[in-house]
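Take a look at the structure set out below.
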Amino acid sequence: MIIRIKEDHTLALEDEDNFQSFCISAQDSNTDLGALDGITKRVEEGNYWLDALAVIALSSKSTEKTWLDQFWAMLAGAEPYGYADLKAQLVRAHVEYDTQD
């Protein structure tokens, strides 16, 4: 699952059926990451803690029970490793750049 920061400074959820990985994707290190402000709860050590409900809202499958069950199961599986906080409904992600500087 990839949260893409698009050129118009909006967010899109791509690869939304991939429940094995989760990251934020930007064009390069010059990309304005301000689009994340609306869904970010906090930043720690270069990782963004994203509002899980806001991530769901980005999905075209946000009302499909099966998809929602898989999304929450992904977070439950990631929580023991520090990549999710179910109580706070947060998921942790890092930024990957499409092109290296």
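Please read these numbers as outputs of a predicted model, since none were measured by experiment.
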Hydrophobic cluster identity match, M1 and Y48, side-chain contacts under 4.5 Å: yes
Connected via hydrophobic side-chain network under 4.5 Å: L13 and V95: yes
Atom pair CD1/OG1 of I24 and T31 - distance to nearest 0.5 Å: 12.0 Å
Whether S25 side chain and I5 backbone form a donor-acceptor pair below 3.5 Å: no
Side-chain donor-acceptor distances from residues 74-89 under 3.5 Å, at least two apart:
{"residue": "E79", "atom": "OE2", "partner": "L86", "partner atom": "N", "Å": "2.9"}
{"residue": "D85", "atom": "OD1", "partner": "K87", "partner atom": "N", "Å": "3.2"}
{"residue": "D85", "atom": "OD1", "partner": "A88", "partner atom": "N", "Å": "3.0"}

T40 side, atom OG1; I3 side, atom CD1 - distance, nearest 0.5 Å: 8.0 Å
Non-neighbouring partners of W67 that pass side chain to side chain donor-acceptor pair (under 3.5 Å), sequence neighbours left out: none
Inter-residue atom distance L68.CG - S62.OG, 0.5 Å rounding: 7.0 Å
Residues that E96 engages under side chain to side chain donor-acceptor pair (under 3.5 Å), provided they are two or more places apart: H94
Value rounded to 0.5 Å, distance of CG in L58 from OG1 in T10: 9.5 Å
Within one Ile-Leu-Val-Met-Phe-Trp-Tyr cluster: W49 and W72, side-chain cutoff 4.5 Å: no
Steps toward side chain to side chain contact (heavy atoms under 4.5 Å, CB included) verdict (T66, E64): CA-CA 6 Å; T66 301; E64 295 180 15; 5.6 Å; no
Evaluation steps, side chain to side chain contact (heavy atoms under 4.5 Å, CB included), between F71 and V55: CA-CA 10 Å; F71 178 83; V55 174; 3.8 Å; yes
For E44, all residues meeting salt bridge (Lys or Arg N to Asp or Glu O under 4.0 Å), sequence neighbours excluded: R42
All salt bridge (Lys or Arg N to Asp or Glu O under 4.0 Å) counterparts of K41, not counting sequence neighbours: D51
Atom pair CD1/CD1 of I39 and I56 - distance to nearest 0.5 Å: 11.5 Å
Cluster check L50, L11: I/L/V/M/F/W/Y, side chain < 4.5 angstrom: yes
For residues 14-23, run the donor-acceptor check on the side chains, cut-off 3.5 Å, and write out each pair with its distance to 0.1 Å, sequence neighbours left out.
{"residue": "E14", "atom": "OE1", "partner": "R4", "partner atom": "NE", "Å": "3.1"}
{"residue": "E14", "atom": "OE1", "partner": "R4", "partner atom": "NH2", "Å": "3.2"}
{"residue": "E14", "atom": "OE2", "partner": "R4", "partner atom": "NE", "Å": "3.2"}
{"residue": "D15", "atom": "OD2", "partner": "N18", "partner atom": "ND2", "Å": "3.1"}
{"residue": "E16", "atom": "OE1", "partner": "S59", "partner atom": "OG", "Å": "2.6"}
{"residue": "E16", "atom": "OE1", "partner": "S60", "partner atom": "N", "Å": "3.1"}
{"residue": "E16", "atom": "OE2", "partner": "S60", "partner atom": "OG", "Å": "2.6"}
{"residue": "D17", "atom": "OD1", "partner": "K61", "partner atom": "NZ", "Å": "3.0"}
{"residue": "D17", "atom": "OD2", "partner": "K61", "partner atom": "NZ", "Å": "2.6"}
{"residue": "N18", "atom": "OD1", "partner": "Q20", "partner atom": "N", "Å": "2.9"}
{"residue": "N18", "atom": "ND2", "partner": "S21", "partner atom": "OG", "Å": "3.2"}

